[in-house]
Each structure stands twice: as C-alpha cells, then as structure tokens.
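As structure tokens, the structure follows; a few thoughts come after it.
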Amino acid sequence: MFSDHAIGDDLVVMASKTDHPESVWSEVVESRAYSKGISNLAPGSVLVDVGAHIGLVSLHFARTVPDARIYAFEPASASFRCLKENCSRYAPGAHVANFAIGSANGEARLTYYPHRSTMSTLYVDDEEDRHNVRILFDQVDPSPEFRKAFWDRFDRGVRQETVPMTTLTDALSGADIDEISFLKIDVERAELEVLNGLAEDHWAKVRRMAIEVHDRNGRLAEISELLNRHGYRVEQFREKYFSGTDIHMVYADRD
C-alpha cells in the first residue's frame with residue numbers, strides 16, 4: 001500500500017500513490033499562508049500541525065525553521081503511519097500523535113478515503129468535495145484518463161474509524177511551551193471545533209495561525225469573528241490552487 005516517493009532531489013517520503021505527495025508538496029511550499037506563518041521565526045520556535053496527514057507540512061516547517069519544535073496530530077491510522085515514518089527521516093525531534101483534535105475529549109467517527117486521503121474527515125460532505133474537485137480539475141486540466149480513474153475510485157474502499165479525540169489544550173498540556181509561534185489547522189470542516197477546544201491561556205500563547213476553512217453555513221465569517229475577538233489581525237484569501245472553490249485560508253497574527 002505504501003512506498004517511497006521522491007520529491008525533488010533530496011526528499012523521499014513514505015506515502016501511497018493516491019496520497020499524491022508530489023502535488024501536495026507543491027501546494028505546501030507555495031502556500032502564501034504557510035510562508036507568512038513561518039517567515040522570520042526564531043530558531044527553536046514551536047510549530048503545531050493539526051491535521052498533519054502524511055507530514056509534508058511538518059517537514060516543510062522542519063526544513064525552514066532551524067531547530068523547530070514541532071507537534072503534529074493526525075487521526076487517520078494509515079496517514080499517521082506515514083507521518084511517523086516521514087518525521088523520523090526528516091524531523092526526528094517532532095512530537096507526533098495519532099488522535100483527532102476537537103472541542104472536547106472523547107471519541108470521534110472518522111471517514112477515511114484511501115483514494116483521496118487528504119479529504120478524510122469527521123464531517124462528511126461528498127457534495128462539497130465533488131464540487132471543489134470539479135473546479136480544481138477545470139483549473140489544472142488533468143488528462144481524461146486521470147479524471148476517469150479519480151472519479152471511478154472516488155468512494156472505493158471508504159472505511160470508518162473510531163478515533164480518540166482531545167482538545168489542543170490537553171494535547172499540549174505536558175509540553176513546556178511559552179509561545180506557539182505558528183498553528184496550522186487543516187481538518188476538513190472541523191476547524192471551528194479545534195479552535196473551540198483552546199483554553200483562554202492557550203489562546204494567549206498563539207502568535208500566528210493559518211486555518212483552511214470550508215465556508216459552509218457562514219463558517220468563514222464565524223471563525224474570522226472569533227479570531228478578531230481574541231485580538232488577532234485577520235486576513236482571508238484563497239490559495240491559488242483553491243480559486244473558485246468553497247475552501248478559504250484564514251491567516252491571523254498578533255505580530
């Protein structure tokens with residue numbers, strides 16, 4: 001199921017072919033929000049990756065911020081296996097954990113899509129996923145063969161996992177952290193729940209954050225207002241590869 005994939009000249013990561021590691025890596029390194037979030041951070045800064053998938057964002061953090069202290073959380077067992085291996089290769093000091101981050105402690109039901117694992121989620125919305133993929137395909141114009149193969153496999157092998165869930169505050173409770181320099185959240189429609197699990201003393205520690213927001217039922221405005229109330233400057237935009245979709249990036253800081 002998993003194999004090594006070369007990215008560029010000096011990165012070999014464990015992933016499945018349908019994780020599309022090369023294209024995901026391009027999205028990560030070209031991300032406007034991530035570039036802003038890690039810009040000019042001091043060596044040893046704390047970076048938190050919620051919804052870490054196979055670890056490409058964490059690897060980018062480790063390669064960009066010297067001696068970064070990375071905490072990465074991923075609930076899907078298959079993706080976590082890759083995350084753990086990839087961090088052992090390129091970010092051996094990273095703290096990785098196999099659970100979901102939410103608004104309370106307990107368990108959650110995760111839907112895992114083996115052929116589109118970046119869309120695995122606690123909150124299924126196939127209609128939105130199909131809509132966004134169609135728009136993306138119109139932009140990048142993959143071959144007819146790729147389109148057919150993707151849609152043929154869209155729901156193939158879908159499975160449910162019961163996963164442990166905790167709040168971000170509790171997940172970081174044992175760490176000696178004065179400041180979270182950058183918090184990245186990419187959790188497929190569970191982003192508000194992650195924020196609602198932050199205790200007030202942890203809100204005060206977060207300097208910068210980037211949140212991928214699926215704008216359903218006013219979610220984008222709700223999250224932006226929450227960040228404003230906590231004293232952040234907030235910027236909303238779409239990364240270039242999500243132009244025209246329901247997926248927005250919210251960047252917030254207190255710099």
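The first residue in the sequence is number 1, and the count goes up from there.
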Exercise for the section: Give a yes or no on whether the backbone of A76 and the side-chain of S79 come within a donor-acceptor separation of less than 3.5 Å. Expected result: no
Problem - Close side-chain approach of T162 to R109, heavy-atom, < 4.5 Å - result: yes
Problem - Test: D178 and R69 ion pair at under 4.0 Å - result: no
Exercise for the section: State whether the side chain of S35 and the backbone N or O of S31 hold a donor-acceptor pair below 3.5 Å, judged by distance alone. Expected result: yes
Completion exercise
Correct closest heavy-atom pair for R207 and S181 would be CB-O, 3.7 Å
Handout entry: Residues that D152 engages under side chain to side chain contact (heavy atoms under 4.5 Å, CB included), provided they are two or more places apart
Key = K148, R156
Practice task
Please assess R81 against M14 for the test side-chain contact (heavy atoms from CB on, under 4.5 Å), listing each intermediate value before the final yes or no.
Solution key: CA-CA 9 Å; R81 178 181 169 189; M14 189 172 85; 3.8 Å; yes
Problem - Evaluation steps, salt bridge (Lys or Arg N to Asp or Glu O under 4.0 Å), between R219 and E193 - result: CA-CA 11 Å; R219 181 61 60 94; E193 286 77 1; 3.8 Å; yes
Handout entry: N-O pairing of R189 and D129 below 4.0 Å
Key = yes
Problem - Other cluster members, I247 - Ile/Leu/Val/Met/Phe/Trp/Tyr, side-chain contacts below 4.5 Å - result: Y241, F242
Handout entry: Distance (rounded to the nearest 0.5 Å) between I101 CD1 and E74 CD
Key = 10.5 Å
Handout entry: E188 backbone acceptor or donor facing T121 side chain under 3.5 Å
Key = yes
Practice task
Look up atom CE in M119 and atom CG in D126, then write down how far apart they are to the nearest 0.5 Å.
Solution key: 9.5 Å
Problem - In one Ile/Leu/Val/Met/Phe/Trp/Tyr side-chain cluster, 4.5 Å: V50, L83 - result: no
Handout entry: Nearest-0.5 Å distance that lies between atom NZ in K17 and atom CD in E22
Key = 10.0 Å
Practice task
Only counting residues at least two apart or in another chain, list the ones meeting side chain to side chain contact (heavy atoms under 4.5 Å, CB included) with K205.
Solution key: H202
Practice task
Identify the heavy atoms of D155 and V158 that sit nearest to each other, and give their distance.
Solution key: O-CG2, 3.1 Å
Problem - Reported CG-to-CG distance for the pair L226 and N196, which is rounded to 0.5 angstrom - result: 6.5 Å
Problem - Shortest non-hydrogen contact from S58 toward D49 - result: OG-OD2, 2.8 Å
Handout entry: Sequence neighbours excluded, every pair satisfying ring-ring contact (aromatic ring centres under 6.0 Å, His included) that has a member inside residues 205-236
Key = W203-H230
Exercise for the section: Could you grab the distance from atom CZ of R208 to atom CZ of R254, nearest 0.5 Å is fine? Expected result: 13.0 Å
Exercise for the section: Verify the cluster assignment for V213 and V124: are they in a single hydrophobic cluster under the rule of side-chain heavy atoms below 4.5 Å apart? Expected result: no
Problem - Plane angle bin for F154 and W151 - parallel if under 30°, tilted between 30 and 60°, otherwise perpendicular - result: tilted
Handout entry: Heavy-atom side-chain proximity of Q236 to H248 below 4.5 angstrom
Key = no
Handout entry: Residues, nucleotides or ligands: over 12 heavy atoms within 6.0 Å of E127 CD
Key = no
Practice task
Search all heavy atoms of C82 against all heavy atoms of A15 and return the closest pair with its distance.
Solution key: SG-CA, 3.9 Å
Problem - Spatial distance of atom OG (S120) from atom CZ (R159) [nearest 0.5 Å] - result: 8.5 Å
Practice task
Provide the closest heavy-atom pair for A108 versus L122 in the form atom of the first, atom of the second, distance.
Solution key: CB-CD2, 3.9 Å
Handout entry: Criterion side-chain contact (heavy atoms from CB on, under 4.5 Å) on L227 and S224, from CA distance to verdict
Key = CA-CA 5 Å; L227 294 168; S224 296; 5.6 Å; no
Exercise for the section: Compare every heavy atom of G244 with every heavy atom of Q139, then report the nearest pair and how far apart it is. Expected result: NE2-N, 4.5 Å
Fill in the blank from the handout: ring-ring contact (aromatic ring centres under 6.0 Å, His included) pairs touching residues 110-133, sequence neighbours excluded, are none
Problem - Full working for side-chain contact (heavy atoms from CB on, under 4.5 Å) between R238 and D246 - result: CA-CA 9 Å; R238 288 187 179 94; D246 296 330; 5.8 Å; no
Handout entry: T18 side-chain N/O to P114 backbone N/O, donor-acceptor pair under 3.5 Å
Key = yes
Problem - Min side-chain heavy-atom separation V234-M209 under 4.5 Å - result: no
Practice task
Please go through L41's hydrophobic cluster and name the other residues, only I, L, V, M, F, W, Y counting, with side-chain heavy atoms under 4.5 Å joining them.
Solution key: I7, L11, V12, V13, V24, W25, V28, V29, Y34, I38, L47, I54, L56, V57, L59, F61, V65, I70, Y90, F182, F237, M249, Y251
Handout entry: 4.5 Å side-chain heavy-atom contact, H60 and K184
Key = no
Handout entry: Common cluster, V187/L168, ILVMFWY with side-chain heavy-atom separation under 4.5 Å
Key = yes
Practice task
Please lay out, stage by stage, how L195 and I185 fare under the test side-chain contact (heavy atoms from CB on, under 4.5 Å).
Solution key: CA-CA 9 Å; L195 294 174; I185 301 172; 3.8 Å; yes
Handout entry: Linked, directly or transitively: I223 and V194 (ILVMFWY side chains, under 4.5 Å)
Key = yes
Problem - Polar side-chain atom of D186 near backbone of E212 as donor-acceptor pair, under 3.5 Å - result: no
Handout entry: Over 12 non-hydrogen atoms of neighbours within 6.0 angstrom of CG in D201
Key = yes
Problem - side chain to side chain donor-acceptor pair (under 3.5 Å) assessment of T169 paired with T167 - result: CA-CA 5 Å; T169 289; T167 66; 5.0 Å; no
Exercise for the section: Look at R89 together with E85 and state whether they make a salt bridge at an N to O cut-off of under 4.0 Å. Expected result: yes
Exercise for the section: Find out if a path of hydrophobic residues (ILVMFWY) with successive side-chain heavy-atom gaps under 4.5 Å connects Y71 to F80. Expected result: no
Handout entry: Trace of the side chain to side chain donor-acceptor pair (under 3.5 Å) decision for S16 with D19
Key = CA-CA 5 Å; S16 73; D19 286 329; 3.2 Å; yes
Exercise for the section: Output yes when K36 and E239 qualify as a salt bridge under the 4.0 Å nitrogen-oxygen rule, no when they do not. Expected result: no
